[in-house]
Amino acid sequence: MPPTTTIPKPNQVVIVTVAVICILLVFLRFFGYGHVAFSLPASATVWINDHKVSAQKIRLRPGTYDITIRSPRYFSTHQKVSVSYFQTTTYKPDLTRRPLSAIVTAAMGASGLYGKPDMVSEQWFINDTWLVGMVGPGSAIPTALHYQDNEWRVGYSDNGGYPHNVTNLPGSVANAVNTLEKRNAKQ
Amino acid sequence: MQNSNPEKIIATWIVLATALVICFAIFLTKSTTYPLPLPSQDVAYQVTNPEIIQDWMPSTVYNQVLNKFEIYLKRNNITSATITVKDNKVTQNNKGGLEFSFFIPKNNKTYAMAVNVNNYQGVTSSDIYINGKLQIAAPLDKSGETIFENFDSLSAVGLSSVQVNQIQEALNGFAQDGASIVVNPSSITPGKSNIPNQFVITFTVTIDANLYSAKVLFQGITDSRLILNQDGRQLLDTGVVDTSVNP
């Protein structure tokens with residue numbers, strides 16, 4: 001006679017365990033988040049896994065995220081950050097200030113004919129997205145740089161093929177450029 | 001507990017298992033926030049932290065750096081790679097040149113990069129070195145047309161596109177069909193001649209494997225005169241070519 005197999009009937013403990021697991025999974029699905037709070041300069045932008053976010057504190061599913069900080073005044077940082085259930089991580093990276101020479105380099109290039117560029121008499125405008133100053137080396141000339149789409153570009157310069165129409169600049173930037181141009185003309 | 005009704009017992013187990021599967025599936029419907037973008041199938045080389053070098057150079061130059069590095073990798077039979085800017089670090093030397101390292105985890109190799117971004121009156125060009133070697137075009141086979149490299153560097157020091165074309169035509173006439181004609185950007189030196197309003201640009205040019213010294217004299221934006229020397233011997237003098245006079 002072949003052996004018979006018996007299937008045990010699920011008892012109360014099994015049923016309750018399954019119910020608890022189900023409730024827990026559904027609960028975590030809808031409420032299982034951690035938070036990352038950013039402590040950053042106002043002009044900085046945050047990118048999480050290549051997605052730009054704007055909140056100061058953000059709700060994230062637990063896991064590891066690539067966080068990139070970009071800023072007109074600071075060098076970008078790129079770090080992995082772990083997020084756990086129901087915990088708030090404060091993210092305050094060590095940001096390094098960009099020297100003015102690095103900002104001019106990013107916008108105009110650096111070497112070759114005249115060596116390392118630099119800027120003096122600098123003034124910042126519009127949440128640090130405009131920078132006006134005298135750019136050298138050599139005969140320093142009034143220049144306005146604009147931070148747009150994560151990149152410094154030349155918004156005004158008398159040097160060669162750059163835009164040099166002050167009427168296209170924001171008012172405060174145009175005033176600063178005009179002041180530098182007048183001062184430059186006197187010298 | 002007695003196994004009084006096997007079918008009912010099996011049904012109960014099935015219900016419990018189904019409930020678990022459904023709840024787990026619900027849980028997985030949002031397993032992450034901001035998922036990483038999928039790697040593009042069209043892009044063989046990807047930089048994981050591009051912003052580190054993008055902070056330091058115009059986007060046009062960044063694209064040139066990637067392009068030259070990809071060509072370098074292809075020549076070394078590395079057809080795809082994830083590239084990282086090592087230590088998230090770029091340094092600038094006293095002359096303004098940029099130095100950093102690319103690291104490829106796949107082959108555990110580090111490549112020393114150096115980039116000089118030249119700017120002449122708003123036009124930028126770049127000299128890109130990989131492991132100390134300036135990246136120029138490799139010699140090509142003779143079946144194709146003449147290949148010109150780095151002539152945009154001449155535009156960066158004040159030559160118009162008309163003048164650059166005049167120089168290319170002159171060099172093409174001097175070289176054989178299918179030659180590789182490469183301007184060496186780091187050799188370009190602009191200056192002024194003794195003749196009022198006349199400018200001079202000197203540079204070296206490699207035609208296939210041979211190195212020549214070139215001198216371009218010009219006054220406006222439509223005229224040029226190219227003089228080519230090798231080992232102190234003058235091999236070519238085009239005279240003044242002016243497209244506005246002889247279109």
Side-chain angles (χ1 to χ4, degrees), chain A residues 6-11 14-15 18-19 21-26 28-30 32-33 47-51 53 58-61 63 65-66 68 70 75-79 83 98-99 101-102 105-117 149-154 157 159-162, chain B residues 1-6 8-10 12-13 16-17 19-20 22-24 26-37 48-49 51-52 54-59 61 85 88 90 92-98 115-127 156-157 185-186 188 190:
Chain A
T6 58
I7 302 170
K9 186 179 179 182
N11 60 23
V14 171
I15 292 170
V18 169
I21 290 172
C22 278
I23 290 168
L24 189 64
L25 287 171
V26 173
L28 289 177
R29 161 61 181 83
F30 291 101
Y33 288 92
W47 300 72
I48 300 177
N49 285 355
D50 261 0
H51 301 267
V53 298
I58 193 154
R59 196 176 73 152
L60 294 170
R61 299 296 279 183
Y65 294 87
D66 279 338
T68 301
R70 299 174 192 259
F75 285 120
S76 298
T77 64
H78 184 107
Q79 284 179 296
V83 177
R98 297 195 202 201
S101 61
T105 297
M108 308 177 81
S111 65
L113 302 181
Y114 304 112
K116 190 174 178 178
D149 299 330
N150 307 311
E151 184 182 356
W152 279 106
R153 299 173 191 180
V154 179
S157 172
N159 184 15
Y162 290 120
Chain B
M1 238 181 270
Q2 293 297 311
N3 188 4
S4 55
N5 187 344
K8 193 176 175 184
I9 292 170
I10 290 170
T12 307
W13 277 114
L16 289 173
L20 267 179
I22 290 171
C23 290
F24 196 65
I26 290 171
F27 172 73
L28 288 181
T29 54
K30 194 164 180 65
S31 59
T32 185
T33 327
Y34 302 117
L36 275 168
T48 58
N49 50 352
E51 63 281 346
I52 303 302
Q54 285 170 337
D55 277 353
W56 280 97
M57 57 186 71
S59 54
V61 175
V85 181
N88 288 334
V90 176
Q92 187 174 32
N93 62 34
N94 290 336
K95 291 181 179 177
L98 304 172
V115 180
N116 293 328
V117 185
N118 306 306
N119 184 327
Y120 185 80
Q121 297 191 338
V123 180
T124 54
S125 64
S126 59
D127 302 337
V157 290
S186 58
I188 297 173

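Below, read A as the first sequence line, B as the second, and so on, with proteins coming before strands; counting in each chain starts at 1.
- The backbone N or O of Ser59(B) sits less than 3.5 Å from a side-chain atom of Glu151(A), completing a donor-acceptor pair.
- Remark: Ile15(A) CD1 to Thr12(B) OG1 distance equals 7.0 Å, nearest 0.5 Å.
- Heavy atoms of Ile10(B) lying under 4.5 Å from chain A belong exclusively to its side chain.
- The line from CG of Leu25(A) to CZ of Phe27(B) is 6.5 Å long, rounded to the nearest 0.5 Å.
- Heavy-atom minimum distance, Pro10(A) versus Ile9(B): CD-CG2, 4.2 Å.
- When all heavy atoms of Gly109(A) and Pro58(B) are compared, the pair lying nearest together is N-CG, 4.2 Å.
- Distance check: Asn88(B) CG to Thr77(A) OG1 gives 8.0 Å after rounding to the nearest 0.5 Å.
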- Worked check of side chain to side chain donor-acceptor pair (under 3.5 Å) between Thr33(B) and Arg59(A): CA-CA 8 Å; Thr33(B) 327; Arg59(A) 196 176 73 152; over 6 Å; no

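- In terms of heavy atoms, Trp13(B) sits closest to Pro8(A) at NE1-O, 2.8 Å.
- Interface residue Leu60(A): backbone and side-chain heavy atoms are both found under 4.5 Å from chain B.
- Note on ring orientation: taking the six-membered ring where Trp is involved, the planes of Phe75(A) and Trp56(B) are parallel (angle under 30°, cut-offs 30° and 60°).
- For a residue to count as touching a neighbouring chain, one of its non-hydrogen atoms must lie under 4.5 Å from one of that chain's; by this rule Ala102(A) touches chain B with backbone and side chain alike.
- Remark: Asp55(B) CG to Arg70(A) CZ distance equals 7.5 Å, nearest 0.5 Å.
- The shortest heavy-atom contact between Pro35(B) and His51(A) is O-NE2, 2.9 Å.
- Using a 4.5 Å heavy-atom threshold, the side chains of Thr105(A) and Val117(B) count as separate.
- Within the 4.5 Å cutoff, the side chain of Glu51(B) has no heavy atoms near those of the Asn150(A) side chain.
- If you tally non-hydrogen atom pairs under 4.5 Å between each of Thr68(A), Asp149(A), Val83(A) and chain B, the highest count goes to Thr68(A).
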- Item | Thr29(B)/Arg29(A) under side chain to side chain contact (heavy atoms under 4.5 Å, CB included): CA gap, chis, key distance, verdict | CA-CA 8 Å; Thr29(B) 54; Arg29(A) 161 61 181 83; 2.6 Å; yes

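- When all heavy atoms of Val53(A) and Tyr34(B) are compared, the pair lying nearest together is CG1-OH, 3.3 Å.
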